[in-house]
Amino acid sequence: MAGLTKENPFDIARRQLDAAAGIIGLDAEVLELLRWPMREMHVTIPVKMDDGAVRAFHGFRVQYNDARGPNKGGIRFHPDETIDTVRALAAWMTWKTAVMDIPLGGAKGGVICNPKTMSPGELERLSRSYIRQVGRLLDLEKDVPAPDVYTTPQIMAWMADEYSFMQGHNDFGVITGKPLALGGSLGRGDATARGGIICIREAAKMLGINLRGKPAAINGFGNAGAFAHKLAVELLGMKVVAVSDSKGSIYNPDGFDHQALMEYKKQHGSVADFPGSTPLTDAGLLELDVTVLIPAALEDEISCRNARNIQAKIVAELANGPTTPEADKILHERGVYLIPDLLCNAGGVTVSYFEMVQNASGWYWEEEVVHRQLEKKMAAAIKAVHQAAVQYSVDNRTAAMIVAIRRVAEAMKLRGWV
Ligand code: GLU
């Protein structure tokens, strides 16, 4: 996990933007607009705790840019949340929906809290209270939230219910990542990981690497990381030799059985001390000699502190913003093939978009249709990013940024904003 000298993620997001804008000679007026969120809301949320005391929580919703369609992005519940993390994540959502060419803008929400220490009742009251505050910014045509770090389909259900009360009618479509019973989409649960696995498969093809039986390491065993484990084994035939969560990292050169690990984590609240495993440090996990490294936790996992020691051939960013710009440069120079977050973890928001389409039409797709459409979207985005990387001789992140900002800038110009 991140060290002491964590960089401000919004500064990083802006540096990435400036770099890509410089390469394509983006108009100064467009760039200036893209360097700022268009709207943001800061809220203080009173929550009655189980002991009867009322606690004030602080939260945010940032709507970064909706030139291409309604703002879209998840809500995080995390003790280290700050307005600048949420701004960065909202900017990245804007680029992500543009890279995927889905008609949406970018947003993000966050509440500073530690869900691990809260009861289900406290979490429900916090979720409802947050929506009572930011609900006035939300609407199918304005801003559509979804799950992110430490938020779940159940939390989305409470939020959709609260929002429906505010509107006076059922309005579940305003949130995605909902449980199936409330209009969620089949295939949304593992969509982030599935999109990443598709990217890894295509990258390996391009690099001439056979992934069967090869080792992979996953930093972060949350929703995306756990499904990545399952799908790396099922779809790619890889051996996942190391995984970690906030309580510890574990290693087994023979690979971990997904089902057994999930059951163990459910019982013990962490993967740490899983029978048959050796403990590792987080730094040790990132620097393992594996074919594929999947950072799936938080920002700033790969920085100038460790980029030179990364041994993986492919780094697949399932987390948002896990690599700093300095580390990007080092990895690129060292020939590590990086699949940037904007592409690698975009399966989640893409299936969220499919969920919006299904909610709007009232017609629900079979899982196989979701998978097929996701494959198509991922293939088109991978191709666009690859072409930009070749055309401008840049690394994949800069290429993804170029694809994205061109599309956002085109919409802004057509709308007459600049
Ligand atoms: N939180 C996910 C992301 O960072 C999904 C967002 C969404 O589905 O709107 O991409």
Side-chain angles (χ1 to χ4, degrees), residues 9 13 60-66 68-78 81 85-111 134 137-140 142-153 155-156 159-160 172-179 183-196 199 220 222-225 227-228 295-299 316-322 339-359 370 373-374 377-378 381 400 404:
F60 317 99
R61 183 75 184 167
V62 174
Q63 297 177 339
Y64 201 84
N65 185 296
D66 63 356
R68 301 182 73 256
N71 296 288
K72 183 82 188 83
I75 298 169
R76 300 211 304 192
F77 284 180
H78 198 274
E81 208 61 87
T85 351
V86 181
R87 284 173 177 149
L89 290 159
W92 290 327
M93 284 309 303
T94 309
W95 318 139
K96 201 186 297 184
T97 53
V99 167
M100 294 311 296
D101 207 9
I102 51 182
L104 299 170
K108 204 80 175 195
V111 178
V134 305
L137 289 186
L138 306 181
D139 180 85
L140 203 51
K142 290 201 276 192
D143 184 355
V144 179
D148 201 89
V149 173
Y150 295 153
T151 53
T152 59
I155 290 177
M156 297 305 112
M159 290 180 170
F172 303 159
V174 76
I175 288 180
T176 61
K178 300 180 291 292
S185 174
L186 286 168
R188 178 64 184 84
D190 71 8
T192 305
R194 188 172 290 271
C199 291
N223 180 63
F227 276 120
L298 296 172
E299 308 84 66
E317 295 185 330
L318 271 196
N320 286 309
I339 310 170
D341 48 5
L342 302 182
L343 182 64
C344 192
N345 71 31
V349 72
T350 302
V351 177
S352 274
Y353 165 60
F354 298 161
E355 183 173 331
M356 291 171 74
V357 171
Q358 292 170 77
N359 290 164
V370 173
Q373 294 295 340
L374 178 62
K377 278 286 179 199
M378 294 305 306

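All ligand and atom numbering here is 1-based and tracks the order in the structure.
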Using side-chain contact (heavy atoms from CB on, under 4.5 Å) as the criterion, list what pairs up with Leu186, not counting sequence neighbours. Leu180, Glu367
Go through the structure and list residues passing side-chain contact (heavy atoms from CB on, under 4.5 Å) with Thr192, not counting sequence neighbours. Arg188, Ala224, Leu318, Asn345
Arg68/Asp101 salt bridge by N-O under 4.0 Å criterion: yes
Decide, yes or no, whether a salt bridge links Glu81 with Arg61 under the criterion of side-chain N to carboxylate O below 4.0 Å. no
Are any protein N/O atoms closer than 3.5 Å to the N/O atoms of ligand 1? If there are, list each pair with names and the distance to one decimal place.
unit_1   : atom_1 : unit_2 : atom_2 : d
ligand 1 : 1 (N)  : Pro147 : O      : 2.9
ligand 1 : 1 (N)  : Asp148 : OD1    : 2.6
ligand 1 : 4 (O)  : Lys96  : NZ     : 3.1
ligand 1 : 4 (O)  : Lys108 : NZ     : 3.0
ligand 1 : 4 (O)  : Asp148 : OD1    : 3.3
ligand 1 : 4 (O)  : Asn320 : ND2    : 3.1
ligand 1 : 8 (O)  : Arg188 : NH2    : 3.1
ligand 1 : 8 (O)  : Ser352 : OG     : 2.5
ligand 1 : 9 (O)  : Lys72  : NZ     : 2.7
ligand 1 : 10 (O) : Lys96  : NZ     : 2.6

Kindly write out the residues that satisfy salt bridge (charged side-chain N to carboxylate O under 4.0 Å, His left out) with Lys108, not counting sequence neighbours, or none if the list is empty. Asp148
Hey, mind stepping through Lys72 and Glu355 against salt bridge (Lys or Arg N to Asp or Glu O under 4.0 Å) and telling me if it holds? CA-CA 12 Å; Lys72 183 82 188 83; Glu355 183 173 331; over 6 Å; no
